[in-house]
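So the structure is just underneath, and the comments pick up after that.
The figures that follow rest on heavy atoms only: side chains count, while hydrogens, waters and symmetry mates do not. First listed ligand is number 1; within each ligand, the first listed atom is number 1. Since the model is a prediction, treat every value here as computed from it, not as a measurement.
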Amino acid sequence: MPTRSRALTAPHVFRPAPDAPARVVVLASGTGSLLRSLLAAAVGDYPAQIVAVGVDRDCAATGHAEAAGVPSFKVALGAYPDRAAWDAALTESVAAHEPDLVVSAGFMKILGPEFMARFGGRIVNTHPALLPSFPGAHAVRDALAYGVKVTGSTVHLVDEGVDTGPVLAQEAVVIEDDDDEATLHERIKTVERRLLVEVLAAVATRGVVSDGRKAVIPK
Ligand SMILES: Nc1nc2c(c(=O)[nH]1)N[C@@H](CN(C=O)c1ccc(C(=O)N[C@@H](CCC(=O)O)C(=O)O)cc1)CN2
Ligand SMILES: NCC(=O)N[C@@H]1O[C@H](COP(=O)([O-])[O-])[C@@H](O)[C@H]1O
């Protein structure tokens with residue numbers, strides 16, 4: 001009887017420091033409303049501190065960082081000879097802020113192998129669909145086009161694939177008959193702005209253990 005093979009990759013374990021808020025770099029590419037929610041939450045005794053914001057293009061997210069007094073940096077793909085050079089530059093720009101965790105909040109670039117080698121197991125992403133349904137850069141449009149009646153929000157750890165990392169939390173959002181991409185996406189974002197703040201606080205407080213398809217935030 002063949003034995004079930006277990007994932008060959010060793011488990012990733014992130015254990016937060018007990019006596020200080022987790023240092024977090026947030027990556028964004030657009031409006032930055034999820035970033036704004038994180039910046040608003042990360043005050044007082046919230047267990048994470050946003051130490052920097054990184055973007056891949058000129059976008060409103062940079063203005064939210066500035067308004068909150070948080071440093072920001074831009075690493076644009078077009079400024080580098082190839083994707084590997086961009087990956088290396090983004091990795092160094094993020095590493096310069098010595099993060100415990102990285103949060104992708106509407107960051108519209110696939111993180112490359114050098115970034116994953118440096119931060120794998122401690123990168124959290126929010127996706128506007130119930131993965132594994134509708135991965136990729138156009139999840140809301142794709143869900144509407146397919147005609148599903150329910151979609152939602154997924155918060156997951158990032159791995160080398162596209163939206164294939166282990167799931168940390170999900171919440172459903174019903175699609176209304178008169179929804180278009182903008183109205184549906186805004187309703188999903190309303191869920192994301194709360195869920196991402198909650199999951200980040202949980203990971204920053206209790207850590208996370210991921211092994212293949214499974215990720216667990218210890219009780
Ligand atoms: N290694 C990974 N990196 C990232 C992931 C991931 O799961 N693994 N998630 C994304 C966020 N995301 C979905 O949640 C996502 C963003 C962008 C794309 C994509 O196809 N991007 C294209 C370019 C699109 C553009 O520039 O407008 C690309 O990178 O070539 C897919 C999924 C964050 N990073
Ligand atoms: N596949 C990645 C993706 O679609 N990410 C999505 O970009 C939006 C950013 O909103 P914001 O710019 O208002 O924060 C969010 O809905 C996030 O899930």
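Looking at D159 against ligand 1, only its backbone comes within 4.0 Å, counting heavy atoms. Only the side chain of N125 comes within contact range of ligand 1, with a heavy atom under 4.0 Å; no backbone atom does. With a 4.0 Å cut-off on non-hydrogen atoms, D163 touches ligand 1 through its backbone as well as its side chain. When non-hydrogen atoms are compared, ligand 1 lies under 4.0 Å from the side chain of R57 (C-beta onward) but not from its backbone.
Close contacts of ligand 1 with H156, meaning ligand atoms under 4.0 Å from a residue heavy atom, involve 7 (O). Close contacts between ligand 1 and V162 involve ligand atoms 7 (O), 31 (C), 32 (C) [criterion: under 4.0 Å to a heavy atom]. Near F107, the atoms of ligand 1 lying under 4.0 angstrom from a non-hydrogen atom of the residue are 10 (C), 11 (C), 16 (C), 33 (C). Using a 4.0 Å cut-off to heavy atoms of R83, the atoms of ligand 1 that qualify are 28 (C), 29 (O), 30 (O).
At under 3.5 Å, a nitrogen or oxygen of L111, whether backbone or side chain, sits near a nitrogen or oxygen of ligand 1. Considering backbone and side-chain N/O atoms, I110 comes within less than 3.5 Å of an N/O atom of ligand 1.
Under a cut-off of 6.0 angstrom, the local environment of CZ in R15 is sparse, with at most 12 non-hydrogen atoms contributed by other residues, nucleotides or ligands. Heavy-atom contacts from other residues, nucleotides or ligands closer than 6.0 Å to CG of D177 number 12 or fewer. When the shell of 6.0 Å around CD of E198 is examined, it contains more than 12 heavy atoms from other residues, nucleotides or ligands.
Checking side-chain atoms of Y46 against main-chain N and O of V197 turns up a donor-acceptor pair under 3.5 Å. Looking at R193, its side chain never comes within 3.5 Å of a backbone N or O of S37 through a donor-acceptor pair. Without hydrogens or angle criteria, W86 side chain to A79 main chain gives no donor-acceptor distance under 3.5 Å. Between the side chain of D87 and the main chain of F115, a donor-acceptor pair closer than 3.5 Å is present.
In this structure, CG on L27 lies 6.0 Å from CZ on F73, to the nearest 0.5 angstrom. Here CZ of R57 is found 4.5 Å from OG of S29. Values are rounded to the nearest 0.5 Å.
For the residues D56, V158, L27, the heavy atom positioned nearest atom 2 (C) of ligand 1 is part of V158.
Under a 4.0 angstrom heavy-atom cut-off, H138 registers as lying outside contact with ligand 1. Contact between G161 and ligand 1 is present, with at least one heavy atom of the residue lying under 4.0 Å from the ligand. Assignment of S104 to the shell around ligand 1 is supported, since a heavy atom sits closer than 4.0 Å.
In summary, the aromatic rings of F134 and H127 are positioned with their centroids too far apart to meet the 6.0 Å limit.
A heavy-atom cutoff of 4.0 Å around ligand 2 is satisfied by the protein residues G30, T31, G32, S33, L34, G106, M108, T126, H127, P128, G136, H185, K189, E192.
Remark: the T91 side chain and the E114 side chain contain no N/O donor-acceptor pair separated by less than 3.5 Å. Of the N and O atoms on the side chains of Q170 and T154, at least one donor lies less than 3.5 Å from an acceptor on the other residue.
Note on D56 versus K74: no salt bridge recorded, every NZ/NE/NH1/NH2 to OD/OE distance being 4.0 Å or above.
Closest to atom 24 (C) of ligand 1, if we only count protein heavy atoms, is M108 O, 3.4 Å.
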